S.K.: 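Questions regarding the structure given below will be posed in turn.
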Amino acid sequence: MTVVKSTLPDAARQVTGNALQTTLVDLLGLSLIGKQAHWNLVGPRFRSIHLQLDEVVTAARDFADTVAERAAALGVAPDGRPETIASAFTLPGPKDGWVRDTEVVEVMVEALEAAIGRLRERIEATEKADPVTQDLLIGITAELEKQRWMFDAENWPKEG
């Protein structure tokens, strides 16, 4: 049942709804990865990376809200329940316990890269279905690419 009538045709709404829901899962999961790393970070660059993690978490949470509201506006009920996130989330995350600063940076680069790759697929999928959602996804991708770059620069030069 759709409570909110969509302005999109059903096929376009389905493609767009799927893109928004999977993006919501990635963003909420990314915010959890960031907080887990934030709480368990150790190492000489603790403070700078600790603060940088907060930036990613804030961006991911803000974007998650925007994505969920876009879905609702299109008549697609967003699903951010913990069990949904736990069952659908596939981005890499930190290990259990304390995590060295260099490892946190690597995990964040990997998680952001994976999220960006998936976003780029959704950008392509929504090109014809809903250019408004595509534009939203492009903006999110740009910010996550900036965050990925900033983390990647933390471990330069690469060892090995």
Side-chain angles (χ1 to χ4, degrees), residues 1-38 49 51-95 99 103-156 158:
M1 173 177 94
T2 300
V3 175
V4 176
K5 174 106 172 83
S6 177
T7 57
L8 295 177
D10 285 343
R13 186 174 64 83
Q14 187 169 356
V15 167
T16 303
N18 182 56
L20 290 167
Q21 179 59 40
T22 53
T23 299
L24 179 62
V25 168
D26 281 356
L27 290 169
L28 291 174
L30 191 58
S31 74
L32 294 172
I33 288 171
K35 272 302 178 188
Q36 181 67 21
H38 175 89
I49 294 172
L51 295 172
Q52 192 172 350
L53 288 164
D54 272 341
E55 290 178 24
V56 171
V57 169
T58 298
R61 287 178 177 169
D62 289 348
F63 285 138
D65 189 52
T66 301
V67 163
E69 289 176 353
R70 176 70 185 152
L74 296 175
V76 177
D79 188 353
R81 295 173 299 153
E83 59 269 23
T84 300
I85 306 309
S87 68
F89 187 71
T90 61
L91 297 178
K95 64 180 184 177
V99 186
E103 292 175 57
V104 166
V105 168
E106 289 170 8
V107 164
M108 291 308 297
V109 168
E110 288 174 20
L112 287 162
E113 269 181 23
I116 290 162
R118 292 165 55 130
L119 273 162
R120 288 190 171 279
E121 291 171 6
R122 295 175 197 134
I123 288 167
E124 189 175 322
T126 56
E127 179 179 12
K128 294 213 185 317
D130 184 22
V132 176
T133 295
Q134 182 193 42
D135 185 57
L136 172 63
L137 299 177
I138 289 169
I140 293 168
T141 303
E143 177 60 27
L144 295 186
E145 285 179 336
K146 179 178 128 188
Q147 292 293 337
R148 187 213 158 277
W149 157 61
M150 294 173 92
F151 273 105
D152 200 32
E154 287 281 349
N155 278 353
W156 194 89
K158 303 271 191 245

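Remember, it's a predicted structure, so these values are computed and weren't measured experimentally. Both backbone and side-chain heavy atoms feed into the values below; hydrogens, waters and symmetry mates do not.
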S.K.: Under the 3.5 angstrom rule, does the side chain of T58 hit a backbone N or O of D54 as a donor-acceptor pair?
M.R.: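 Yes.
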S.K.: Heavy atoms only: give me the nearest V25-F89 pair and the separation to one decimal.
M.R.: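 Scanning both residues, the minimum pair turns out to be O-CD1, 3.7 Å.
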S.K.: Show the nearest heavy-atom pair for residues V15 and A129, with the distance to one decimal.
M.R.: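 So the two residues come closest at CG1-CB, 3.9 Å.
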S.K.: I would like to know whether T133 and R70 meet side-chain hydrogen bond (donor to acceptor under 3.5 Å, both in side chains); could you show each step before the answer?
M.R.: CA-CA 8 Å; T133 295; R70 176 70 185 152; 3.0 Å; yes
S.K.: Is it true that the side chains of R118 and T22 contain a donor and an acceptor less than 3.5 Å apart?
M.R.: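 Distance-only check fails for R118 and T22.
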S.K.: Just how far is it from atom CG of L24 to atom CG of D65, taken to the nearest 0.5 Å?
M.R.: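 Between L24 CG and D65 CG, I get 9.5 Å after rounding to 0.5 Å.
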S.K.: Give me the atom names and distance for the closest heavy-atom approach of S6 to L8.
M.R.: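 S6 and L8 have their closest heavy atoms at OG-N, 2.9 Å.
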S.K.: Can Q52 and M108 be said to form a side chain to side chain contact (heavy atoms under 4.5 Å, CB included), step by step?
M.R.: CA-CA 10 Å; Q52 192 172 350; M108 291 308 297; over 6 Å; no
S.K.: Please check if the side chain of E113 supplies one atom and the backbone of R148 the other of a donor-acceptor pair under 3.5 Å.
M.R.: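 Side chain of E113 to backbone of R148, a donor-acceptor pair under 3.5 Å: no, none is there.
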S.K.: Flag the pair T84 / Q21 as yes when at least one side-chain heavy-atom distance between them is below 4.5 Å, and no otherwise.
M.R.: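 Answer yes - side chains close enough.
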S.K.: On a heavy-atom basis, which atom in G75 and which in R13 lie closest, and how many Å separate them?
M.R.: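 Shortest heavy-atom separation between G75 and R13 comes out as O-NH1, 3.5 Å.
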S.K.: Can you see which heavy atom on P94 is nearest to which on V99, and at what distance?
M.R.: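 Answer, listing the atom of P94 first, then V99: CB-CG2, 4.3 Å.
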S.K.: A side-chain contact here means heavy atoms from C-beta on lying under 4.5 Å apart; do L30 and L144 qualify?
M.R.: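 They are in side-chain contact.
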S.K.: Can you give me the closest heavy-atom contact between V107 and P92, atom names plus distance?
M.R.: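 Smallest heavy-atom distance, with atoms named: CG1-O, 4.4 Å.
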S.K.: Using side chain to side chain contact (heavy atoms under 4.5 Å, CB included), reason through L136 and T126 one step at a time and then give a plain yes or no.
M.R.: CA-CA 10 Å; L136 172 63; T126 56; over 6 Å; no
S.K.: Report the C-alpha separation of L20 and L74 in whole Å, then their side-chain angles, then the decisive distance to 0.1 Å, and conclude whether the side chain to side chain contact (heavy atoms under 4.5 Å, CB included) test is met.
M.R.: CA-CA 10 Å; L20 290 167; L74 296 175; 4.1 Å; yes
S.K.: Can you check whether L27 reaches I140 side chain to side chain, under 4.5 Å on heavy atoms?
M.R.: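 They are in side-chain contact.
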S.K.: Can you tell me how far the NE2 atom of H38 sits from the CD atom of E55, to the nearest 0.5 Å?
M.R.: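 So the NE2 of H38 and the CD of E55 are separated by 12.0 Å.
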S.K.: Would you compute the distance between atom CG of L137 and atom OG1 of T23 and round it to the nearest 0.5 angstrom?
M.R.: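 Between atom CG of L137 and atom OG1 of T23 there are 5.0 Å.
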S.K.: Measuring from I33:CD1 to L53:CG, what's the distance to the nearest 0.5 Å?
M.R.: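 That separation rounds to 11.0 Å.
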S.K.: Hey, could you give me the CD/CE distance between E154 and M150, rounded to the nearest 0.5 Å?
M.R.: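 That separation rounds to 8.5 Å.
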S.K.: Report the distance from atom CG of L91 to atom CG of L32, rounding to the nearest 0.5 Å.
M.R.: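 So the gap between those two atoms works out to 11.0 Å.
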